[in-house]
Amino acid sequence: KACRFNATQEPDLTTACDDEKRGIAYVAYTHSILNLPNTPLMILIATFMVKWSDKAGKRRKPIILMPLIGVMFEVIFASLHSYFWTWPIVFVVLTRNLCKTLSGGIILFHSSTALFVTDHSDEKSRMARMGVLSMIPHFGIPLSSLVAGYILRTYGFACSYLMCLVLSIISFVLGIILIEDQPVPITEPVKICNIMNPLGVLGTVKVLFKKRSGRKRMFLLLLIISKMAVNFSITG
């Protein structure tokens, strides 16, 4: 949409951009401004939901499925935007960010799946399972990009989004059927005011800096810094 400023319907994607520099600049500016509050809000929601999961007896299934619901709505809105081509780009980014933020996005999904794997693993198998969990996105991203690129150029945006919607629905249904929680007895009732406390985020951050035996704290901080550097370079 940023490349074809006067188009009223989805153009031929094999044609050149009308003004590539202008399109890139517009997309970069729009995403940088509108995405700025997105990540902090997702962190807050993910923190709140993980805390609720712990207080509710380690119920991981709801917080695993919650981001998948957000993905389904995100894809539905994207499909509508591809059909109603004249809808503004700002509306596209806003609806996408709204779905991601309210559902916790990828932050909540990674956190909840890691918690689920940890709950169902012993000390011997935990490291291997967490390693496999960390590798899955790195294998999935290039594979999905390859398939999506072919479908996009061959069939257009609508078909690409339809495929994403079908995969999201299948994942959601499989999650409902296959994921089984091992609930822990609740010692006290869950209070929303205790869960929805922004100060709890500070407590989560303080855990990173608490004293640990040996050089574990230093290694943990170096690991976080290296992870941030890698993500910054990839995102940029």
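Basis for what follows: all heavy atoms, side chains included, without hydrogens, waters or symmetry-related copies.
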Report all side-chain donor-acceptor pairs from residues 108-115 shorter than 3.5 Å, counting only partners two or more places apart or in another chain.
| from | atom 1 | to | atom 2 | distance (Å) |
| --- | --- | --- | --- | --- |
| S111 | OG | I107 | O | 2.8 |
| S112 | OG | I63 | O | 3.3 |
| S112 | OG | L108 | O | 2.8 |
| S112 | OG | F109 | O | 3.0 |
| T113 | OG1 | F109 | O | 2.8 |
| T113 | OG1 | H110 | O | 3.0 |

Heavy-atom closest contact ([X] atom, [Y] atom, distance):
X: K61; Y: I179; value: NZ-O, 3.3 Å
X: V117; Y: S121; value: O-OG, 2.5 Å
X: P62; Y: D181; value: CD-OD2, 3.9 Å
X: L68; Y: I64; value: CG-O, 3.9 Å
X: E180; Y: F116; value: O-CE1, 3.6 Å

Please report the interatomic distance [atom1]([X]) to [atom2]([Y]), rounded to the nearest 0.5 Å.
X: S103; Y: M42; atom1: OG; atom2: CE; value: 8.5 Å
X: F172; Y: I69; atom1: CZ; atom2: CD1; value: 4.0 Å
X: S171; Y: L178; atom1: OG; atom2: CG; value: 10.5 Å

Would you confirm whether [X], through its side chain, and [Y], through its main-chain N or O, come within 3.5 Å as a donor-acceptor pair?
X: R129; Y: H120; answer: yes
X: T154; Y: I151; answer: no
X: K100; Y: G70; answer: no

Side chains of [X] and [Y], heavy atoms from C-beta outward: is any pair under 4.5 Å?
X: R60; Y: K58; value: yes
X: S168; Y: V71; value: yes
X: S125; Y: D122; value: yes
X: L44; Y: M49; value: no

Open item on the list: Quick check on the hydrophobic clustering: are L133 and F139 connected, directly or via other members, by side-chain heavy-atom contacts under 4.5 Å?
Closed with: no

Open item on the list: If hydrophobic clusters are built from ILVMFWY residues whose side chains come within less than 4.5 Å, do Y161 and I141 share one?
Closed with: no

Open item on the list: Once you measure the plane-to-plane angle for F77 and F73, does it fall in the parallel (<30°), tilted (30-60°) or perpendicular (>60°) bin?
Closed with: tilted

TODO: Begin from the C-alpha positions of S53 and R59 and carry the test side chain to side chain donor-acceptor pair (under 3.5 Å) through to its verdict.
DONE: CA-CA 5 Å; S53 176; R59 295 179 59 191; over 6 Å; no

Taking distance alone, no hydrogens or angles, what donor-acceptor pairs closer than 3.5 Å link side-chain atoms of residues 79-92 to residues at least two apart or in another chain?
| from | atom 1 | to | atom 2 | distance (Å) |
| --- | --- | --- | --- | --- |
| S79 | OG | V75 | O | 2.9 |
| H81 | NE2 | T95 | OG1 | 3.1 |
| S82 | OG | S79 | O | 2.6 |

Open item on the list: Would L223 and M218 count as a side-chain contact (heavy atoms from CB on, under 4.5 Å) here? Give the steps.
Closed with: CA-CA 9 Å; L223 178 63; M218 183 185 70; over 6 Å; no

Task: side-chain hydrogen bond (donor to acceptor under 3.5 Å, both in side chains) partners of T101, counting only residues at least two apart - done: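 Expected list: N38.
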
